[in-house]
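What follows is a single structure, written as structure tokens, with notes after it.
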Amino acid sequence: MVERPFRLALLGGFRLLAGDEQLTVSNGSERLLAYIAISRRTVHRNVMATTLWPDAPERRAHANLRSALKRLDGVGRALLHVGTTEIGLAPDTGVDFDDARALAQRLIDPTVQAEEATVCAGSVEALANGLLPGWYEEWVLAAADEWHQLRLHALEALSAIFVRQRRFAEAVAAASVAAHADPLRESACAALIEAHLAEGNQAEAIRHFRHYAESLRAELGIEPTPRLRELVASLRGR
């Protein structure tokens with residue numbers, strides 16, 4: 001029987017996959033696996049203990065870590081390489097967050113040509129979700145905020161690449177994901193307007209501009225910048 005490779009999914013929620021099958025692990029196992037996966041490296045026990053149990057005294061935090069490792073179920077334990085001083089993921093464990101982060105960094109890297117960015121329809125899906133939504137530990141929130149900013153920049157860059165390649169539906173899709181993730185972000189709004197205009201959909205462009213302007217006034221009491229206004233300045237009914 002051929003063993004199926006394990007894969008951790010952290011985007012859009014925690015999932016542990018073996019091939020196409022989703023496996024169930026305990027909440028404690030999820031926490032340990034997610035922390036190590038987000039860290040992208042082998043983690044020293046001291047760092048892991050104090051991060052996962054920040055309110056506990058150091059000795060208690062280490063005891064909690066030892067107990068959590070002992071309680072790991074079979075699958076969770078198989079995914080970890082547990083050393084005397086350090087703990088890491090097994091090297092053959094895939095992590096969707098790693099793949100999405102690498103894609104995002106390629107997309108915003110000014111030294112990488114658009115043709116070399118390996119963009120495809122699946123690129124939008126890879127960047128569509130936040131990191132572990134509904135998890136409120138400080139170590140998750142910090143990583144989630146960093147990922148939020150990175151993926152929005154990447155989605156905007158991806159939309160521009162699709163526009164240059166005349167793949168307008170995909171350009172609109174990428175910009176729409178960014179605009180939905182942060183409705184008051186002007187650069188996301190601009191990317192969506194530019195995608196609509198490139199496709200020739202002036203009505204969609206002006207409709208989105210007006211919706212954005214109304215939201216900006218209602219939420220923050222400010223107006224769109226001149227740069228954004230210039231995108232729709234020539235459209236009738238401005």
Side-chain angles (χ1 to χ4, degrees), residues 5 7-12 34-43 47 88-133 139-201 205 208-209 212 224-232:
R7 183 168 179 80
L8 282 173
L10 307 181
L11 300 177
Y35 176 74
I36 294 174
I38 288 174
S39 299
R40 289 182 292 172
R41 54 184 168 78
T42 301
V43 183
V47 175
L89 278 183
D92 58 347
T93 301
V95 181
D96 67 341
F97 185 39
D98 288 344
D99 298 337
R101 186 162 38 192
L103 170 63
Q105 289 168 341
R106 287 198 305 274
L107 288 170
I108 65 174
D109 186 343
T111 67
V112 176
Q113 297 296 319
E115 294 76 13
E116 300 172 356
T118 320
V119 299
C120 61
S123 299
V124 177
E125 183 178 357
L127 301 170
N129 293 308
L131 176 65
L132 294 173
W139 56 271
V140 177
L141 293 176
D145 183 64
E146 181 181 350
W147 169 241
H148 178 73
Q149 294 299 323
L150 176 61
R151 77 182 180 101
L152 291 185
H153 283 292
L155 284 163
E156 293 161 7
L158 180 60
S159 181
I161 291 171
F162 282 142
V163 166
R164 290 195 294 272
Q165 296 177 349
R166 302 188 64 79
R167 296 160 66 178
F168 299 125
E170 292 161 300
V172 169
S176 294
V177 172
H180 178 75
D182 195 339
L184 299 182
R185 183 181 174 92
E186 181 169 308
S187 54
C189 175
L192 184 52
I193 289 173
E194 288 169 342
H196 283 312
L197 290 176
E199 195 173 19
N201 287 327
H208 187 71
F209 172 79
Y212 173 78
T225 65
R227 172 184 173 272
L228 188 64
R229 288 181 174 277
E230 286 175 4
L231 289 178
V232 296

Examine distances only and state if a side-chain atom of [X] and a backbone atom of [Y] form a donor-acceptor pair shorter than 3.5 Å.
X: E156; Y: A188; result: yes
X: T93; Y: L89; result: no
X: T42; Y: G88; result: no
X: R185; Y: A179; result: no

Roughly how far apart are [X] [atom1] and [Y] [atom2], rounded to 0.5 Å?
X: L158; Y: R167; atom1: CG; atom2: CZ; result: 8.0 Å
X: Y212; Y: L228; atom1: OH; atom2: CG; result: 6.5 Å
X: S176; Y: L192; atom1: OG; atom2: CG; result: 4.5 Å
X: L231; Y: H196; atom1: CG; atom2: NE2; result: 12.5 Å
X: R151; Y: L11; atom1: CZ; atom2: CG; result: 8.5 Å

Taking every non-hydrogen atom, the tightest pair across A205 and I193: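 Shortest heavy-atom separation between A205 and I193 comes out as O-CG1, 3.9 Å.
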Over all atoms of both residues, closest heavy-atom pair of A171 and S159: O-OG, 2.8 Å
Non-neighbouring partners of D99 that pass salt bridge (Lys or Arg N to Asp or Glu O under 4.0 Å), sequence neighbours left out: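 With sequence neighbours excluded, D99 shows a salt bridge (Lys or Arg N to Asp or Glu O under 4.0 Å) to R7, given in chain and number order.
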With D98 via salt bridge (Lys or Arg N to Asp or Glu O under 4.0 Å) - residues at least two apart: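 By the salt bridge (Lys or Arg N to Asp or Glu O under 4.0 Å) rule, D98 matches R101.
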Between R227 and T225: side-chain donor-acceptor atoms closer than 3.5 Å: no
If you define the side chain from C-beta out and look only at heavy atoms, does anything of [X] sit under 4.5 Å from [Y]?
X: V124; Y: F162; answer: yes
X: R106; Y: L103; answer: yes
X: L131; Y: E146; answer: no
X: H148; Y: H153; answer: no
X: D96; Y: L8; answer: no
X: L127; Y: L107; answer: yes
X: N129; Y: W147; answer: no
X: Q165; Y: E170; answer: no

Which residues share a ring-ring contact (aromatic ring centres under 6.0 Å, His included) with F168, sequence neighbours left out: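 For F168, no residue satisfies ring-ring contact (aromatic ring centres under 6.0 Å, His included) once neighbours in sequence are set aside.
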Evaluation steps, side-chain contact (heavy atoms from CB on, under 4.5 Å), between I38 and W139: CA-CA 9 Å; I38 288 174; W139 56 271; 3.7 Å; yes
Step-by-step side-chain contact (heavy atoms from CB on, under 4.5 Å) determination, V163 to E194: CA-CA 8 Å; V163 166; E194 288 169 342; 5.8 Å; no
